[in-house]
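Structure, as structure tokens:
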Amino acid sequence: MFGPLVTPEWLLEHVTDPDVRVIDFRWYLDGRDGPAAYRAGHIPGAVFLDLADVTGETGPGRHPLPSPERFAAALRAAGVSRSTRVVAYDDATSIPTAARLWWLLRHFGHAQAAVLDGGIQAWPGTLERGDEPPPAPGDFQAAEPLLDEVVDAERVRDRAPETILIDARAPERYRGETEPVDPRAGHIRGALSAPWDSNLSPDGRMRSPEELRRRFAELGIAEGQQVIAYCGSGVSASHDLLALEVAGLPGGRLYEGSWSDWSRRDDLPAATGAVP
């Protein structure tokens, strides 16, 4: 089965296959510009897709989910068709946006989706500069999403005691020592800290399935366990969901609004410190 990860070596061999579409999905929280990074150097043939183009115009948090129509229009414009194998990549040292696109594709019924393991830093070939010619529009269709994959604040608040809630943000944001974006610092009471970058080896590649299973076992996550992941706005949490998939522990759900939704609501309690 194609995905959820492809190696740089696999992509180097298949990058020119007519049924493969490479998408540069870089986005930065620190103010750097994704399109500028793309023009400065991208995988040959890759199409740049902006996070804003696949973010909903209304909904909870800073990055609500798009409607099926909005998502399909963006993917068609990127040259994606119903039979296309999509490989998304990002900058492995920054926000893991490629995992968000992988999750969205799966959420809207497109199983042929993968993330380039290690991001653009792991690409073994040459890079192109400037802009690519616009691709021919694809015929991508977005299926009705699986609603049980997504939860709102009320479902997080009222979750069953056996459900494990994991926070993919940096540990200092979890502890409430800093909060660069959202109105309150801290974390959702009862959540466990599971920073997304702890899924990676020092070289920026995803840890092995065995290593990931051990990591999640330390959080009490085993096969069949109900898991909800959140982060600042639902983007980095997708990397924890990707890692769970790689570990053979699928079925995790996404809190769509994440901390950017929770922290704006005075009726929802927050905690600080290292204790859940």
Side-chain angles (χ1 to χ4, degrees), residues 3-5 25-30 32 34 51 55 61-63 88-107 113-122 149-151 156 164-182 186-188 191-209 211-221 227-262 274 276:
L5 289 176
F25 202 56
R26 282 179 281 182
W27 179 84
Y28 300 98
L29 190 62
D30 59 11
R32 284 179 289 167
L51 176 64
T55 295
R62 285 182 278 111
H63 292 113
Y89 71 85
D90 55 28
D91 177 338
T93 66
S94 185
I95 302 296
T97 43
R100 170 72 165 202
L101 185 58
W102 164 82
W103 186 90
L104 284 169
L105 285 160
R106 296 280 295 270
H107 181 61
V115 170
L116 175 62
D117 195 10
I120 194 169
Q121 288 89 344
E149 292 182 338
V150 182
V151 298
V156 172
I164 294 179
L165 180 64
I166 56 175
D167 185 323
R169 296 174 301 160
E172 60 270 21
R173 289 184 71 188
Y174 172 88
R175 294 191 298 265
E177 296 166 3
T178 182
E179 181 43 66
V181 185
D182 296 314
H187 60 267
I188 298 172
L192 302 175
S193 180
W196 70 269
D197 56 1
S198 293
N199 300 320
L200 303 179
S201 298
D203 62 359
R205 302 281 287 267
M206 187 75 82
R207 295 187 183 276
S208 70
E211 290 175 305
L212 290 171
R213 280 195 291 272
R214 287 195 294 270
R215 161 170 158 73
F216 290 122
E218 292 173 357
L219 296 170
I221 300 172
V227 179
I228 298 172
Y230 79 94
C231 56
S233 64
V235 175
S236 299
S238 301
H239 199 277
D240 274 357
L241 296 173
L242 172 65
L244 284 164
E245 187 90 11
V246 172
L249 301 168
R253 292 175 288 174
L254 176 71
Y255 171 20
E256 177 182 2
S258 286
W259 185 247
S260 62
D261 175 45
W262 191 277

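Everything quoted here is computed from the prediction, not taken from an experiment. All values below come from the heavy atoms of this structure, side chains included, with hydrogens, waters and symmetry mates left out.
E211 places no side-chain N or O within donor-acceptor distance of the main-chain N or O of R213, the cut-off being under 3.5 Å. In terms of modelled atom types and a separation under 3.5 Å, the side chain of N199 and the main chain of W196 share a donor-acceptor contact. Using a distance-only test at 3.5 Å, with no hydrogens or angles considered, a donor-acceptor pair links the side chain of D117 to the main chain of M206. Between the R207 side chain and the L200 main chain, a donor and an acceptor come within less than 3.5 Å of each other.
At a threshold of 4.5 Å between non-hydrogen side-chain atoms, the residues C231 and H239 do not count as touching. Considering only heavy atoms from C-beta on, L242 comes within 4.5 Å of L5 through its side chain. Contact of the R214 side chain with the L212 side chain is not registered, since no non-hydrogen atoms from C-beta on lie closer than 4.5 Å.
Minimum interatomic distance between I164 and G220 (heavy atoms only, all atoms of both residues): CD1-O, 3.1 Å. In this structure, A168 and A237 approach most closely via the heavy-atom pair CB-CA, 3.8 Å. When every heavy atom of I166 is checked against every heavy atom of A194, the shortest pair comes out as CB-CB, 3.9 Å. The nearest pair of heavy atoms linking A191 to Y174 is O-OH, 2.6 Å. Taking all atoms of both residues into account, the shortest heavy-atom contact from L254 to G234 is CD1-O, 3.8 Å. In terms of heavy-atom proximity, V115 sits nearest to A98 at CG2-O, 3.6 Å.
Expressed to the nearest 0.5 Å, how far CG of L241 lies from CG of L249 amounts to 11.5 Å. Put simply, OH on Y89 and CG on L116 are 8.5 Å apart, with the number rounded to the nearest 0.5 Å. Taking CD1 of I228 as the reference point, atom CG of L165 lies at 6.0 Å (rounded to 0.5 Å). To the nearest 0.5 Å, the span separating OG on S238 from CG on L101 amounts to 9.5 Å. Here the NE2 atom belonging to H63 is positioned 8.5 Å from the OG atom belonging to S260, to the nearest 0.5 angstrom. In this structure, CG in D240 is found 8.5 Å from CG in L219, a value given to the nearest 0.5 Å.
Each of T97, T55, L29 was scored for a side-chain contact (heavy atoms from CB on, under 4.5 Å) with V235, with one residue passing: T97.
Among residues two or more places apart in sequence or in another chain, the salt bridge (charged side-chain N to carboxylate O under 4.0 Å, His left out) test is passed with E149 by none. Residues satisfying the salt bridge (charged side-chain N to carboxylate O under 4.0 Å, His left out) criterion with R26, sequence neighbours excluded, are D24.
Using bins of under 30°, 30° to 60° and over 60° for the plane-to-plane angle, the ring pair Y255/W262 lands in the perpendicular bin.
Between R173 and D167 no salt bridge is recorded (no basic side-chain N to carboxylate O distance below 4.0 Å). No salt bridge links D90 with R100; every basic N to acidic carboxylate O contact stays at or beyond 4.0 Å. In summary, R205 and D203 do not engage in a salt bridge, as defined by a charged side-chain N under 4.0 Å from a carboxylate O.
Remark: R169 is positioned above the aromatic ring of W259, its terminal NZ or CZ atom under 6.0 angstrom from the ring centre and at most 45 degrees off the axis.
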- Query: Yes or no on side-chain contact (heavy atoms from CB on, under 4.5 Å) for D91 and Y28, after CA distance, side-chain angles and deciding distance?
  - Reply: CA-CA 9 Å; D91 177 338; Y28 300 98; 3.3 Å; yes

